[in-house]
Amino acid sequence: MLETTLSAADFDLLRAENERFQADNARFSAEIKRLSALVEKLTFQLAMLKRMQFGQKSEALSVLMGDLFGTPTDLEQPTAPPQAPPRKASREPKAAP
């Protein structure tokens with residue numbers, strides 16, 4: 001059996017490295033939990049949107065959209081009704097009388 005001895009300095013370096021790894025592990029675990037919750041939320045929203053778009057009674061489910069994404073902002077109302085685009089002159093000759 002191979003016997004290895006560590007100096008006090010080597011032992012302290014290993015201990016510091018171990019503490020860094022434990023801190024990184026805790027930070028990564030918290031990030032994984034946060035991202036998992038985000039994925040779950042987005043998956044739920046996607047399922048609700050698919051249900052609203054493709055499911056039965058899609059009109060009744062449109063009320064949920066406000067709850068799903070918060071209160072929608074009011075859209076600006078146009079001040080004047082939109083004008084019809086100008087007609088182009090037809091290139092066909094008119095019939096002679």
Side-chain angles (χ1 to χ4, degrees):
M1 181 172 215
L2 182 64
E3 194 172 307
T4 307
T5 58
L6 292 175
S7 67
D10 289 337
F11 185 76
D12 290 339
L13 287 174
L14 288 174
R15 184 183 303 237
E17 187 175 34
N18 186 26
E19 289 172 0
R20 277 195 314 266
F21 287 148
Q22 288 177 349
D24 286 345
N25 187 24
R27 196 172 65 246
F28 293 147
S29 293
E31 183 70 5
I32 288 170
K33 286 179 184 178
R34 185 185 72 79
L35 292 174
S36 294
L38 179 61
V39 166
E40 186 176 332
K41 175 185 173 186
L42 293 174
T43 302
F44 174 76
Q45 287 179 347
L46 180 62
M48 292 301 294
L49 287 173
K50 284 182 178 180
R51 185 174 174 200
M52 281 190 276
Q53 185 173 7
F54 302 114
Q56 292 179 344
K57 300 180 185 179
S58 62
E59 297 84 16
L61 291 175
S62 64
V63 175
L64 293 176
M65 186 179 276
D67 295 337
L68 198 60
F69 297 106
T71 305
T73 59
D74 289 58
L75 299 175
E76 292 183 20
Q77 297 296 325
T79 55
Q83 296 178 351
R87 291 180 144 180
K88 292 185 178 180
S90 108
R91 295 184 182 224
E92 297 177 19
K94 292 186 179 182

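Here the structure is a predicted model, which is why all the values come from computation and not from measurement.
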Take atom CD of E31 as the centre, draw a 6.0 Å sphere, and report whether it contains more than 12 heavy atoms from other residues, nucleotides or ligands. yes
Shortest non-hydrogen contact from D10 toward L6: CB-CD2, 4.2 Å
How many angstroms lie between atom CG of N18 and atom CG of L13, to the nearest 0.5 angstrom? 12.5 Å
When rounded to the nearest 0.5 angstrom, what is the spacing between CD in Q22 and CG in N25? 8.0 Å
